[in-house]
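Down below is the structure, laid out as structure tokens.
Not measured: the values here are computed from a predicted model.
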Amino acid sequence: KGTIHWTDETREVPPLVLTDVALVARNQGRQHALRLDATPPALWGDRFSARGAFTQPLLSRAKSQWQDWSGQLYAGFTRVDVSELRRYADLGVDLKQGRGAVRAWVDVAKGQLVGGTADVALAEVDVTLGQGLKALALESIKGRLGARQRGNVSEFSTEGLAFDTRDGLRWPGGNVRVLHTAGDGKIEARGELTADRLDLAALSQIADRLPLSPTVRTALASHAPAGLVQRLQANWQGPLDHLKQYQVKGAISQLAL
């Protein structure tokens with residue numbers, strides 16, 4: 001056990017001091033396992049655990065060549081202030097505020113981050129999900145979020161996601177999965193969407209805070225749909241503003257346009 005002082009010269013932040021550190025590293029053949037348990041500063045939250053399990057290719061030049069490794073990282077925080085965490089790490093979104101519990105699994109392929117899954121239970125969240133979008137202010141959020149990127153194929157999903165915004169909207173929870181393949185000249189763009197318990201009125205009201213395509217955002221603003229999508233399956237070919245083929249089936253209650 002010991003103490004770690006982390007100085008990041010690429011950011012204008014004070015050194016991060018982790019105390020009561022326990023570090024274990026095991027290397028057996030092409031398998032590598034790491035575990036770190038540490039106590040962060042009081043402002044960060046409670047003691048946390050991080051683990052990694054990786055495999056290196058058969059023809060890798062050296063065991064220390066971590067850029068060749070593939071596997072998964074895990075981190076668990078029973079209580080964390082993400083506004084402190086974002087000062088030292090790129091979270092992929094502009095998360096200015098949020099406190100609570102987080103568990104995250106990050107997938108690594110040849111030393112590169114290619115996707116991840118997070119279970120969150122946070123309160124007082126202030127997040128901006130993309131450039132040019134309005135901030136999404138939440139009283140609370142709970143559920144699972146996932147994202148993947150492999151070449152020109154991207155995937156986003158939620159499981160049991162429920163949240164309350166500070167201006168009174170409630171997202172009822174449910175599951176969403178979007179799979180999109182970008183066109184590259186050789187193949188056409190195509191996508192798939194599956195969803196359940198999708199509140200169309202709430203979606204319309206927060207559309208300017210979500211990373212939706214301009215076509216979808218304009219349609220929501222123009223038609224102001226309301227109703228609860230019990231289940232939905234859709235697939236399409238071509239760009240969203242010029243579809244060549246699509247198929248949609250599902251069940252919606254209390255639909256209004």
Matching residue for Leu232 among Leu193, Thr194, Ile252, Asp196 - test: side-chain contact (heavy atoms from CB on, under 4.5 Å): Leu193
Working for salt bridge (Lys or Arg N to Asp or Glu O under 4.0 Å), residues Arg79 and Asp46: CA-CA 5 Å; Arg79 184 179 67 87; Asp46 296 336; 2.9 Å; yes
Just how far is it from atom CG of Leu136 to atom CG of Asp208, taken to the nearest 0.5 Å? 9.5 Å
Donor-acceptor pair, Ser204 side chain versus Ala224 backbone, under 3.5 Å? no
Are more than 12 heavy atoms from other residues, nucleotides or ligands located less than 6.0 Å from atom CZ of Arg150? no
Counting N and O atoms only, with roles assigned by atom type, does the side chain of Arg148 sit under 3.5 Å from a partner on the main chain of Gly116, one being a donor and the other an acceptor? yes
Hey, any chance Val82 and Leu43 share a hydrophobic cluster, counting ILVMFWY side chains that come within less than 4.5 Å of each other, even indirectly? no
Evaluate the side chain to side chain contact (heavy atoms under 4.5 Å, CB included) criterion for residues Phe48 and Val80: first the C-alpha distance (whole Å), next the side-chain angles of each, then the deciding distance (0.1 Å), finally the verdict. CA-CA 9 Å; Phe48 69 90; Val80 65; over 6 Å; no
Start with the C-alpha distance between Tyr74 and Arg103, add both sets of side-chain angles, then the distance that settles side chain to side chain contact (heavy atoms under 4.5 Å, CB included), and finish with yes or no. CA-CA 7 Å; Tyr74 165 81; Arg103 295 189 303 165; 3.6 Å; yes
In this structure, are over 12 heavy atoms from other groups packed under 6.0 Å from Arg99 atom CZ? no
Joint hydrophobic cluster, Val13 plus Leu95, side-chain heavy atoms closer than 4.5 Å: yes
Can you establish whether the number of heavy atoms outside Arg231 located under 6.0 Å from its atom CZ is more than 12? no
Check against side chain to side chain contact (heavy atoms under 4.5 Å, CB included), Leu255 and Leu200: CA-CA 9 Å; Leu255 175 64; Leu200 296 178; 4.0 Å; yes
Are Ile4 and Leu16 joined in one hydrophobic group, where the rule is that I, L, V, M, F, W and Y side chains link up if heavy atoms are under 4.5 Å apart? yes
Output the distance between atom CG (Leu34) and atom CG (Leu73), rounded to the nearest 0.5 Å. 8.0 Å
Short side-chain to backbone donor-acceptor contact, Gln254 and Leu228, under 3.5 Å: no
Has the side chain of Arg217 got a donor or acceptor atom that lies under 3.5 Å from a matching backbone atom of Leu210? yes
Could you state the interatomic distance from CZ (Arg51) to OG (Ser49), rounded to the nearest 0.5 Å? 4.0 Å
Do Thr181 and Asn152 have side-chain atoms, one donor and one acceptor, less than 3.5 Å apart? no
Can you check whether Ala207's main-chain N or O pairs, donor with acceptor, with Gln205's side chain at less than 3.5 Å? no
Under a single-linkage definition using a 4.5 Å side-chain heavy-atom cutoff for Ile, Leu, Val, Met, Phe, Trp and Tyr, are Leu145 and Leu179 assigned to the same hydrophobic cluster? no
If you round to the nearest 0.5 Å, how far is CZ of Arg166 from OG of Ser140? 10.5 Å
Side chain to side chain contact (heavy atoms under 4.5 Å, CB included) between Trp171 and Leu203, intermediate numbers included: CA-CA 8 Å; Trp171 192 260; Leu203 180 62; 4.0 Å; yes
Would you give the length of the straight line joining atom CZ of Arg209 to atom OG1 of Thr165, rounded to the nearest 0.5 angstrom? 6.0 Å
Face-on cation placement of Arg144 at Trp105 ring, 6.0 Å and 45° thresholds: yes
Looking only at atom types and distance, does a side-chain atom of Ser70 sit under 3.5 Å from a main-chain N or O of Lys110, one as donor and one as acceptor? yes
Could you give the distance from CD (Gln31) to CD (Gln56), rounded to the nearest 0.5 Å? 8.5 Å
Between the side chains of Asp167 and Lys134, is the shortest nitrogen-to-carboxylate-oxygen separation below 4.0 Å, so that they form an ion pair? no
Would you say that more than 12 heavy atoms from the other residues, nucleotides or ligands in this model lie under 6.0 Å from the CD of Gln67, or not? yes
Same cluster or not: Val178 versus Val248, using hydrophobic residues (I, L, V, M, F, W, Y) connected whenever any side-chain heavy atoms lie under 4.5 Å apart? yes
Under 6.0 Å from the OH atom of Tyr88, do we count more than 12 heavy atoms belonging to anything else shown? yes
Neighbour count >12 (heavy atoms, 6.0 Å) for atom NZ, Lys244: no
